[in-house]
Protein chains: 2
Amino acid sequence: MAGGVSNPLGLVVLAFLQERPMHPYELGRLLKARNKQESIKYRHASLYMVVKQLLRDGYIEPQETSRAGQLPERTVYALTPSGQEELTRQMRELVAVPAKEYPRFEAALALIVVLPPDDVAVLLGDRLEALERRIAELRERVRPSPDVEWVHKIEYEYELALAEAEQRYVARLRAQVASGDVGTLWSGLHPR
Amino acid sequence: MAGGVSNPLGLVVLAFLQERPMHPYELGRLLKARNKQESIKYRHASLYMVVKQLLRDGYIEPQETSRAGQLPERTVYALTPSGQEELTRQMRELVAVPAKEYPRFEAALALIVVLPPDDVAVLLGDRLEALERRIAELRERVRPSPDVEWVHKIEYEYELALAEAEQRYVARLRAQVASGDVGTLWSGLHPR
DNA sequence: TCTATCATGTAACCAGTTACATGATTTT
DNA sequence: AAAATCATGTAACTGGTTACATGATAGA
């Protein structure tokens, strides 16, 4: 009862168990099959850990332990009522209230004055290229297709929207920095 | 020599020490004074930890220990050549290559089918309101002013660009979900 | 039969957070 | 003189990661 999942991987477990009871390995397989590891960091050892935590906190419970062939025994877990409640509580909050995040690029921008403006212009060019490749990939992925429902690509739509915004911003910034319009403070730190 | 800073707070330390040698507490004060804790997560105990790590890895070294009045002694650290090199190496990489991030909202979208579409429409409305407040605040903050140089607000410009993109996306998504156009899969999971 | 990969975990390590501690200075 | 808060850390906890371990099955 440490108060809430707070870990996206724990949320996946609760969400998948809402469909049906499963054993940890199946959770991992499903996560990869549905490509959720693009949006939620997944390490298989972390999965066993969060399962243990969810168990400790009473959000899930062992339902049966089965054995297929000579493979090791495995424990099938099911969602408890408390876990069901926590799942919707947490999901509703994640959707309704924007969380404070700390993107690496934002941190880099906050410290950008340590690099000479001329270098930064070049580096931003590199970033632009990478962004364009990523955007092309995402556009491909969100293209409507008959065999994948729209709702299963919704997270890529979102990532695409953000990537495009970043692209526009970086392009503008690069132009400005390349033109030398960076203010006296920054240029003063890097005399020619 | 664990190979690289990898921690944004460590990067701040290196960046600030490039200006001049300082003791840990001063680093923290400066970080807050320059509002970097908006872009880089800061806990004062974490600061002491990363200082210890940077010391261990040879990126910084104690320069002198001074005492002011009856206050406890404090150690002033300076950047080593290796630290200088690591700073620019890491900064260049952060600027040039987009890092894979895992925003909470993206995770929530990836699992959105666990919530009923009607609820989601409402929750997205709440999010929109919060986003608008945040955007207003950021617009205020990036407004040109005589006493703060542009380059010191660059990270807010970036955050603003992303927030505006998210706002547009969420508005569109909310309209679509509210209109009931969510596909058979999602609506099938939540019968009326 | 050897190799790869599937399936299922455990253990040790490490980084970051929370909570605790303590004396100095300033405010009321 | 008491309370607040500034200044400077240390210690314990906890969560997540890396690395290790081990048997089963499938492919070459």
Side-chain angles (χ1 to χ4, degrees), chain A residues 1-14 21-33 37 40-57 59-60 62 64-77 90 99-102 104 107, chain B residues 1-14 21-33 37 40-57 59-60 62 64-77 90 99-102 104 107:
Chain A
M1 69 121 84
V5 256
S6 87
N7 179 327
L9 195 53
L11 211 62
V12 180
V13 172
L14 298 183
M22 289 181 226
H23 51 88
Y25 190 81
E26 194 177 0
L27 287 164
R29 229 187 334 163
L30 207 55
L31 191 148
K32 278 198 286 187
Q37 86 278 19
I40 292 157
K41 207 189 316 184
Y42 170 56
R43 298 276 172 269
H44 100 275
S46 308
L47 179 59
Y48 286 96
M49 168 156 15
V50 306
V51 163
K52 204 180 299 176
Q53 285 162 195
L54 294 172
L55 186 61
R56 179 197 61 195
D57 298 346
Y59 294 143
I60 63 177
E64 52 171 330
T65 104
S66 71
R67 169 182 295 269
Q70 285 321 100
L71 287 170
E73 210 176 59
R74 46 205 188 183
T75 308
V76 175
Y77 293 94
Q90 181 73 6
K100 174 105 198 82
E101 317 251 8
Y102 297 88
R104 322 282 287 187
Chain B
M1 71 125 78
V5 258
S6 88
N7 179 327
L9 195 52
L11 210 63
V12 181
V13 171
L14 298 183
M22 289 181 227
H23 52 87
Y25 191 81
E26 192 176 1
L27 287 162
R29 230 187 334 162
L30 206 56
L31 192 149
K32 279 198 285 186
Q37 86 278 18
I40 292 157
K41 207 188 316 184
Y42 169 56
R43 297 277 172 269
H44 101 274
S46 308
L47 179 60
Y48 286 96
M49 167 154 18
V50 306
V51 163
K52 204 180 301 176
Q53 285 161 195
L54 294 173
L55 185 61
R56 179 197 62 195
D57 298 346
Y59 295 141
I60 64 177
E64 52 171 330
T65 103
S66 71
R67 169 182 295 269
Q70 286 322 100
L71 286 170
E73 211 177 59
R74 47 206 187 181
T75 307
V76 174
Y77 294 94
Q90 181 74 6
K100 174 105 198 82
E101 316 253 8
Y102 297 89
R104 321 283 287 186

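Note that the structure is a prediction, hence the values are computed from the model and not measured. A, B, ... follow the sequence lines: proteins, then strands. Residue 1 opens every chain.
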Closest to the side chain of B/M49, out of D/dG9, D/dT17, C/dG16, is C/dG16
Nearest atoms (heavy-atom pairs only) where A/P8 meets A/S6: CD-O, 4.0 Å
Of all the nucleotides listed (D/dG15, C/dT10, C/dA15), which has the minimum atom distance to the side chain of B/Q53? C/dA15
With the side chain of A/S46 defined as its heavy atoms from C-beta on, choose the nearest nucleotide among D/dT17, D/dG16, C/dT17. D/dT17
A/Y25 has a side chain; which of C/dT17, C/dC6, D/dG16 sits nearest to it? C/dC6
Value rounded to 0.5 Å, distance of CG in B/L47 from NZ in B/K52: 11.5 Å
Under-4.0 Å side-chain N/O to phosphate OP1/OP2 contact, A/R43 with C/dG9: no
In terms of the angle between their ring planes, are A/H44 and A/Y48 parallel, tilted or perpendicular, with boundaries placed at 30° and 60°? perpendicular
From the set C/dT17, C/dA11, D/dG16, return the single nucleotide nearest to any side-chain atom of A/A45. C/dA11
Which distance, rounded to the nearest 0.5 Å, do you find between the CE of B/M49 and the CD of B/Q53? 6.5 Å
Nucleotide D/dA7, atom P - distance to CZ of B/R29 in whole Å: 6 Å
Rounded to whole angstroms, how far apart are NZ on B/K52 and C1' on C/dG16? 12 Å
Would you say A/N7 places a side-chain N or O within less than 4.0 Å of OP1 or OP2 belonging to D/dG15? no
So if I take every side-chain heavy atom of A/P24 and compare against C/dT8, C/dG9, C/dA15, which nucleotide ends up nearest? C/dG9
Nearest-angstrom distance from the residue atom OH of A/Y42 to P of D/dG15: 20 Å
